[in-house]
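Nothing here was measured: the structure is a model prediction, and the numbers come from that model.
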Amino acid sequence: MIRTVESEPHASAPVLAAYRYCEAVTGHQARNFAYGIRLLPTPKRRAMSALYAFSRRVDDIGDGALADDVKVTRLEDTRTLLARIRDGAVDEDDTDPVAVALAHAAAHFPIPLGGLDELIDGVQMDLRGETYETWDDLKVYCRCVAGAIGRLSLGVFGTERGARGAERAPEYADTLGLALQLTNILRDVREDAEGGRTYLPADDLAKFGCSAGFGGPTPPEGSDFAGLVHFEVRRARALFAEGYRLLPLLDRRSGACVAAMAGIYRRLLDRIERDPGAVLRGRVSLPGREKAYVAVRGLSGLDARHVTRRTVRRRA
């Protein structure tokens, strides 16, 4: 069982300022994520914002306009900073607010910081231009850039005392991360192609006549693009179904946070399924009112109760 602190950890003025910086980064750059973490109590919300801000720094290095050799150096510098955080060598008056906030969070929550090393590994895979022949190959990448985030987040959430099956919580958190990442890959398929990246497995692309790629607003001639999208949607739905088994293992507000974030992506998946070609014409997104509805639904516990009932029926 993964437990977290029960009371709010003390935070000095410099630490609070560092957290405020991380929360500003999160609110500005991660609106889907921010909808979820606002449902958390203050200590957990702050810790999650610190995790996001550090993760965002890693992603921005990979996605930025710097030369690849400079990116490699920056990533290694970030890995060195992570080692300092892990070793407790970041002081509260350090000039890097993200490091200060993450160091404080890691001192008060059992966050498996090695997951951030995995994230750096995943971004390095992007820099090497790796492609993926099979889903098993792609899963390795997805576990680095998304499954690891699920496991890191679980360190903040913790599990409920006495929750049956809590030992499998990291596995479910990892799987939910894969579901979110596969949804991202489908949503961003054209944007990634324009950036020279292909994430969908090559054998899936070949199966549906899409090996030529997605450089424009229409599918490759003669391809079954809708078939490809529906195939990947079914895969993502299976991952969501397994990952949602995490919800009953969490306290109400942590479960609401996860349900809100995952619910937004599930609704994105619904939109993509209804109109596969939309991902080639532009970025598929949800309006703010729909995200708010998903957040309220998560806070109500509807998704967690649904998963609990389904799990009980399976055991019966």
Nonpolar side-chain network containing Leu16, other nodes, edges under 4.5 Å: none

Enter the distance from [X]:[atom1] to [Y]:[atom2] here, rounded to the nearest 0.5 Å.
X	Y	atom1	atom2	result
Cys142	Ile185	SG	CD1	4.0 Å
Arg283	Leu268	CZ	CG	9.0 Å
Leu178	Glu242	CG	CD	11.5 Å
Leu200	Leu186	CG	CG	6.0 Å
Ile120	Met125	CD1	CE	14.5 Å
Gln181	Cys144	CD	SG	10.5 Å

Criterion side chain to side chain contact (heavy atoms under 4.5 Å, CB included) on Arg46 and Thr42, from CA distance to verdict: CA-CA 6 Å; Arg46 288 172 176 164; Thr42 299; 3.4 Å; yes

Any non-hydrogen side-chain atom of [X] less than 4.5 Å from a side-chain atom of [Y]?
X	Y	value
Thr218	Leu280	no
Ile37	Thr26	yes
Leu269	Arg187	no
Tyr19	Arg45	no
Pro43	His108	no
Glu76	Gln124	yes
Leu176	Leu239	no
Val25	Ser49	no

Could [X] and [Y] be called an ion pair, given the rule that one side-chain N must be under 4.0 Å from one carboxylate O?
X	Y	value
Arg56	Asp60	yes
Asp136	Lys139	yes
Asp188	Arg197	no

Identify the heavy atoms of [X] and [Y] that sit nearest to each other, and give their distance.
X	Y	value
Leu113	Ala106	CD1-CB, 3.9 Å
Ala18	Ala101	CB-N, 3.9 Å
Arg190	Val279	CB-O, 3.7 Å
Ala103	Val90	CB-CB, 4.1 Å
Gly177	Ala146	O-CB, 3.2 Å
Val145	Ile149	O-CG1, 3.6 Å

Any residue meeting salt bridge (charged side-chain N to carboxylate O under 4.0 Å, His left out) with [X], in chain and number order, not counting sequence neighbours:
X	value
Lys71	none
Glu133	none
Glu92	none
Arg20	none

Side chain to side chain contact (heavy atoms under 4.5 Å, CB included), paired with Phe240, selected from Thr175, Leu182, Leu180: Leu180

Could you list the residues that satisfy side-chain hydrogen bond (donor to acceptor under 3.5 Å, both in side chains) with [X], not counting sequence neighbours?
X	answer
Thr134	Asp137
Arg86	Asp117
Arg143	Asp174
Arg57	Asp96

Criterion salt bridge (Lys or Arg N to Asp or Glu O under 4.0 Å) on Asp270 and Arg237, from CA distance to verdict: CA-CA 10 Å; Asp270 291 342; Arg237 289 198 189 285; 2.7 Å; yes

Derivation and outcome, salt bridge (Lys or Arg N to Asp or Glu O under 4.0 Å), residues Arg74 and Asp69: CA-CA 9 Å; Arg74 293 280 181 90; Asp69 59 335; over 6 Å; no

Under 3.5 Å, which donor-acceptor pairs do the side chains of residues 202-216 form with other protein atoms, sequence neighbours left out?
from: Asp204; atom 1: OD2; to: Arg235; atom 2: NH1; distance (Å): 2.9

Taking [X] for the side chain and [Y] for the main chain, is one N or O donor matched with an acceptor at less than 3.5 Å?
X	Y	value
His28	Ala24	no
Asp251	Arg253	yes
Arg271	Ser285	yes

Criterion side chain to side chain contact (heavy atoms under 4.5 Å, CB included) on Arg84 and Asp94, from CA distance to verdict: CA-CA 12 Å; Arg84 288 181 56 222; Asp94 193 282; 3.4 Å; yes

Test ring-ring contact (aromatic ring centres under 6.0 Å, His included) applied to Tyr141 - qualifying residues, sequence neighbours left out: Tyr132, Tyr199

Set of ring-ring contact (aromatic ring centres under 6.0 Å, His included) partners for Phe54, sequence neighbours left out: none

More than 12 heavy atoms from other groups under 6.0 Å of CZ on Phe231: yes

Criterion side chain to side chain contact (heavy atoms under 4.5 Å, CB included) on Arg266 and Tyr244, from CA distance to verdict: CA-CA 11 Å; Arg266 284 184 69 184; Tyr244 260 52; 3.3 Å; yes

Joint hydrophobic cluster, Leu116 plus Leu127, side-chain heavy atoms closer than 4.5 Å: yes

Verdict with supporting geometry, Leu249 and Glu160, side chain to side chain contact (heavy atoms under 4.5 Å, CB included): CA-CA 6 Å; Leu249 307 180; Glu160 279 278 70; over 6 Å; no

